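In what follows, a structure is listed as structure tokens, so that the remarks can point back to it.
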There are 2 protein chains.
Amino acid sequence: MAVAKTEDVRKSNGMIRPLDDLDRKILGTLSRDATQSYASISREVGLSAPAVHERVKRLRSSGVIKSTVAQLDGAAVGKPLLGFIHVDTTGWGKTRAMLALEDRPEVEEIHGVTGDTCLIIKVRVASPLALEGLLAQIYDVEGVRGTRTFVSLSTHLERSVQAEISDDLESRSVIK
Amino acid sequence: MAVAKTEDVRKSNGMIRPLDDLDRKILGTLSRDATQSYASISREVGLSAPAVHERVKRLRSSGVIKSTVAQLDGAAVGKPLLGFIHVDTTGWGKTRAMLALEDRPEVEEIHGVTGDTCLIIKVRVASPLALEGLLAQIYDVEGVRGTRTFVSLSTHLERSVQAEISDDLESRSVIK
DNA sequence: CTTGAAATGGACAGCGT
DNA sequence: ACGCTGTCCATTTCAAG
């Protein structure tokens with residue numbers, strides 16, 4: 001008998017099938033280019049266009065595909081400066097005032113993390129002066145003890161979540 | 001007479017107009033949802049559909065819109081663990097072996113940064129074991145002296161480059 | 001999941017401002 | 001130079017097998 005049922009893993013809409021190879025192939029192409037037609041995808045994966053369409057619809061409504069967006073060039077929209085801000089707080093860092101930073105279009109990510117800091121905030125700004133302004137705003141938040149900022153000098157890779165998974169990472173011998 | 005000419009700022013294809021308000025509006029909506037029709041965008045910005053289409057085409061070929069992609073859910077594709085790895089190296093950190101990490105679908109970002117570390121690598125993996133495997137691979141790179149890893153406990157915001165810019169950041173008085 | 005049909009939206013040309 | 005109107009065609013989307 002089966003020890004784990006598919007029923008265990010559900011989502012808001014319908015049940016989640018553990019993403020077969022065709023799903024992953026479709027997700028892979030769409031994560032690289034979402035402008036291509038279902039017809040061209042169907043050729044790649046070896047299915048008919050409506051079949052691909054139905055799978056994509058399912059992947060959308062089940063939340064695997066969160067959204068489809070245009071990726072903009074930071075410098076071209078006037079924000080050439082990228083930085084990561086580590087925020088140290090006294091007490092609980094994830095306050096309402098802190099999360100209100102998301103109203104700023106310069107703030108792209110806010111993560112609560114383990115390690116010797118509380119929060120990591122990814123920001124993209126127009127200038128060093130704007131970065132200072134953002135830091136000033138962070139220091140206005142109650143409980144902020146200090147920050148450390150890492151300014152990006154060069155970005156060699158910046159992409160969103162990939163569908164693929166390396167299969168040799170978990171079996172790797174880490175004993176030298 | 002004008003002191004700066006538009007000619008100064010060019011790109012691969014055609015010249016860059018400094019992104020008027022309509023461009024920014026269009027970029028704003030597309031960066032949030034690129035599935036909507038040109039007709040609906042035209043209603044929002046107050047232009048005809050072909051006019052919007054032409055602008056989008058221009059924004060694409062000029063590189064302001066780098067690509068249009070599907071945003072996937074990390075957990076749903078089997079990679080629930082997000083982390084930032086700070087890499088310290090002896091000498092120049094940006095070696096060919098280091099940049100080869102981009103072949104791993106788990107590696108999403110690689111930045112050279114200022115501050116008390118050399119590189120920041122954003123990774124999304126299936127498990128702690130896979131994270132260890134990735135770290136092992138990083139330590140295989142010549143010249144790596146050490147790493148510090150910040151594991152994300154909660155992500156409160158994660159989005160791509162926004163078209164909008166706060167106009168009060170650069171004029172903010174930072175003297176208390 | 002496939003084949004076939006209907007409807008929607010995208011892409012292009014020409015015109016006018 | 002830029003945007004609008006009208007047209008054709010590709011693509012999406014639905015229904016039936």
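Sequence lines set the chain letters: A, B, ... in the order given, protein chains first and strands last, and positions in each chain run from 1. Note that this is a predicted model, so its numbers are computed, not measured.
Within the structure, the ring pair (Phe, Tyr, Trp, His ring centres under 6.0 Å) test picks out the following pairs touching residues 25-62 of chain B (sequence neighbours left out): Tyr38(B)-His53(B). Pairs engaging residues 92-113 of chain A under the ring pair (Phe, Tyr, Trp, His ring centres under 6.0 Å) rule: His111(A)-Phe84(B) [sequence neighbours left out].
Rounded to an integer number of Å, the gap from Glu54(B) CD to dA11(C) P is 13 Å.
Scanning residues 65-72 of chain B for heavy-atom distances under 4.0 Å to DNA chain D yields an empty list. Looking at residues 23-36 of chain A, you'll see that no heavy atom sits under 4.0 Å from any atom of DNA chain C. Within a heavy-atom distance below 4.0 Å of DNA chain D, the residues of residues 39-52 of chain B found are Leu47(B), Ser48(B), Pro50(B), Ala51(B).
Taking Glu164(B) as the reference, Arg32(B) meet the salt bridge (Lys or Arg N to Asp or Glu O under 4.0 Å) condition, with sequence neighbours excluded. For Arg145(B), the salt bridge (Lys or Arg N to Asp or Glu O under 4.0 Å) criterion is met by no residue, not counting sequence neighbours. With sequence neighbours left out, Arg159(B) forms a salt bridge (Lys or Arg N to Asp or Glu O under 4.0 Å) with no residue at all. Applying the side chain to side chain contact (heavy atoms under 4.5 Å, CB included) test to Asp21(B) and every residue at least two apart in sequence or in another chain returns nothing. Residues that satisfy the salt bridge (Lys or Arg N to Asp or Glu O under 4.0 Å) test with Lys122(A), not counting sequence neighbours, are Glu109(A), Glu158(A), Glu109(B).
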Under 3.5 Å donor-acceptor pairs involving side-chain atoms of residues 64-72 of chain B, not counting sequence neighbours:
{"residue": "Thr68(B)", "atom": "OG1", "partner": "Arg60(B)", "partner atom": "NH1", "Å": "2.9"}

Dot-bracket encoding of pairs in DNA chain C, which uses [ ] for pseudoknotted crossings and | for another strand, Watson-Crick or G-U under 3.5 angstrom | |||||||||.|||||||
